[in-house]
Undergrad: 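Okay, here's the structure, questions in a sec.
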Number of protein chains: 2
Amino acid sequence: MRIGELARRTGVSERALRYYEQQGLLTSERRPSGYRLYREEHVPAVRRIRVLLAAGLSTAQIVEVLPCVVDDEGLLTPGCPELVDGLVRHRHRIDEAIGELEATRATLDTMLAGRRRAD
Amino acid sequence: MRIGELARRTGVSERALRYYEQQGLLTSERRPSGYRLYREEHVPAVRRIRVLLAAGLSTAQIVEVLPCVVDDEGLLTPGCPELVDGLVRHRHRIDEAIGELEATRATLDTMLAGRRRAD
DNA sequence: CTTGACTCTGACATCGACGTCAAGGTTTAG
DNA sequence: CTAAACCTTGACGTCGATGTCAGAGTCAAG
């Protein structure tokens with residue numbers, strides 16, 4: 001599919017999709033004309049990016065964490081051509097990102113303490 | 001105390017303190033000269049603002065939250081029910097992101113399991 | 001071929017949370 | 001009194017994630 005369809009299907013603007021690509025968050029093949037071409041798997045890929053952005057991670061943080069965000073298949077993404085050591089380092093970055101978010105969540109929980117009835 | 005001392009004691013720049021006041025997050029009395037005057041209670045007040053900013057809230061959100069926040073030895077307790085909704089939604093977005101990253105980490109662990117024991 | 005929908009790459013605009021600097025008034029120490 | 005240190009209000013700069021617009025190329029249908 002081309003960028004317009006991906007934009008419609010993800011609810012993300014074309015501008016944002018090009019920006020993600022420019023920041024290294026998203027890949028695309030190109031027609032000879034230069035038109036970007038996407039596959040089905042790019043739809044959930046965009047969703048993942050949006051979730052992380054919505055949680056307050058910057059594109060710079062996401063670009064470190066994302067190369068190893070893979071689908072249920074357990075297959076390596078082209079972003080992870082390397083060895084176990086690289087994967088372990090990526091895992092560490094993911095741990096850090098989770099830690100930051102958990103700290104943020106803890107702050108919110110403190111505010112909500114005694115006020116929230118159910119989760 | 002004047003703005004310089006408050007800045008030193010909170011670790012927040014004078015510029016930021018004036019900005020907080022401009023946004024309605026912080027109050028100050030004024031000398032005839034126009035100099036801002038702060039009291040002891042402004043130190044934890046600034047700390048509260050910083051905590052909320054660090055949790056990903058905007059000044060616009062904070063200005064709504066602050067009147068409902070009761071300072072209790074660093075504990076933040078919302079007293080206005082409609083706020084809880086917004087905070088819960090914010091918490092939910094963070095939960096989603098943590099979920100994404102945990103799924104990623106689990107997948108990563110699966111990949112690593114075949115090659116080397118995950119730490 | 002022409003039209004209209006779609007896409008491309010710049011490049012400037014916006015918004016939030018400040019940084020930084022300018023030009024000037026105030027306070028305090030000597 | 002004077003100088004240093006402190007304060008004031010603008011106003012412009014920055015950075016990240018977009019919006020928006022311009023000028024131009026591409027593609028499918030009639």
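Predicted model, so just to flag it, every value in this text is computed and none were measured. Just so we're on the same page: letters track the sequence lines, and every chain starts at 1.
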Undergrad: Got A:Ile62 and A:Gln23 here, is their nearest side-chain heavy-atom distance under 4.5 Å?
TA: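 A:Ile62 vs A:Gln23: side chains apart.
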Undergrad: Measure the shortest side-chain to side-chain distance between A:Leu6 and A:Arg2 over non-hydrogen atoms and say whether it is less than 4.5 angstrom.
TA: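 No; the side chains remain at least 4.5 Å from each other.
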Undergrad: Give the minimum heavy-atom separation between A:Ala60 and A:Val63, together with the two atoms involved.
TA: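 Result for this residue pair: O-CG1, 3.1 Å.
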Undergrad: With axes from five pairs an end, tell me the bend angle of the helix from C:dC1-D:dG30 to C:dG30-D:dC1, nearest 10°.
TA: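 Between the axes fitted at each end of the helix from C:dC1-D:dG30 to C:dG30-D:dC1 lies an angle of 10°.
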Undergrad: Can you name the nearest heavy-atom pair linking A:Ser58 to A:Gln61, along with the distance?
TA: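 Looking at all heavy atoms of both residues, the closest pair is N-OE1, 2.9 Å.
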Undergrad: What integer distance in Å separates A:Glu14:CD from D:dA17:C1'?
TA: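 Atom-to-atom, A:Glu14 to D:dA17, this comes out as 17 Å.
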Undergrad: Report the nucleotide, chosen from D:dG25, D:dT20, D:dT9, that has the shortest atom-to-atom distance to any side-chain atom of A:Tyr35.
TA: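 Nearest nucleotide to the side chain: D:dG25.
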Undergrad: Using atom CZ of A:Arg15 as one end and atom C1' of D:dC21 as the other, report the distance to the nearest whole Å.
TA: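 Going from CZ in A:Arg15 over to C1' in D:dC21 covers 12 Å.
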Undergrad: Nearest whole Å is fine: how far is D:dG19 P from A:Ile3 CD1?
TA: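 Those two atoms, CD1 and P, are 12 Å apart.
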Undergrad: Please list residues of residues 17-33 of chain A whose heavy atoms come under 4.0 Å from any atom in DNA chain C, ordered by number; otherwise none.
TA: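 Correct list: A:Arg18, A:Arg30.
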Undergrad: Does any non-hydrogen side-chain atom of B:Thr59 lie less than 4.5 Å from one of B:Ile49?
TA: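 SC-SC contact between B:Ile49 and B:Thr59 ruled out.
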Undergrad: Okay, side chain of B:Arg30, backbone of B:Gly34: is any donor-acceptor separation there less than 3.5 Å?
TA: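 Yes; judged by distance alone, with no hydrogens or angles, the pair exists.
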Undergrad: Need to verify one output field. Residue with the more 5' nearest nucleotide on DNA chain C, B:Ala60 or A:Glu5?
TA: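 Counting from the 5' end, the first nearest nucleotide belongs to A:Glu5.
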Undergrad: Quick one: how far along DNA chain C does chain B reach, first to last nucleotide 5' to 3', anything under 4.0 Å to a heavy atom?
TA: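 So the outermost contacting nucleotides come out as C:dG16 to C:dT27.
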Undergrad: So, do A:Arg31 and A:Leu37 sit near enough that their side-chain heavy atoms are less than 4.5 Å apart?
TA: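 Heavy-atom side-chain distance check passes, below 4.5 Å.
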Undergrad: Between A:Glu102 and B:Ile98, is there a side-chain heavy-atom distance shorter than 4.5 Å?
TA: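 In contact.
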Undergrad: Looking at A:Thr27 and A:Tyr38, what are the two nearest heavy atoms and their distance?
TA: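 Smallest heavy-atom distance, with atoms named: O-CE2, 3.6 Å.
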Undergrad: Taking all heavy atoms of B:Arg50 and all of B:Val12, pick out the closest pair and write down the distance.
TA: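 Smallest interatomic distance, heavy atoms only, reads CD-CG2, 3.1 Å.
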Undergrad: Mind running side chain to side chain contact (heavy atoms under 4.5 Å, CB included) on B:Tyr35 and B:Glu29 for me, showing each step along the way?
TA: CA-CA 8 Å; B:Tyr35 279 26; B:Glu29 287 162 33; over 6 Å; no
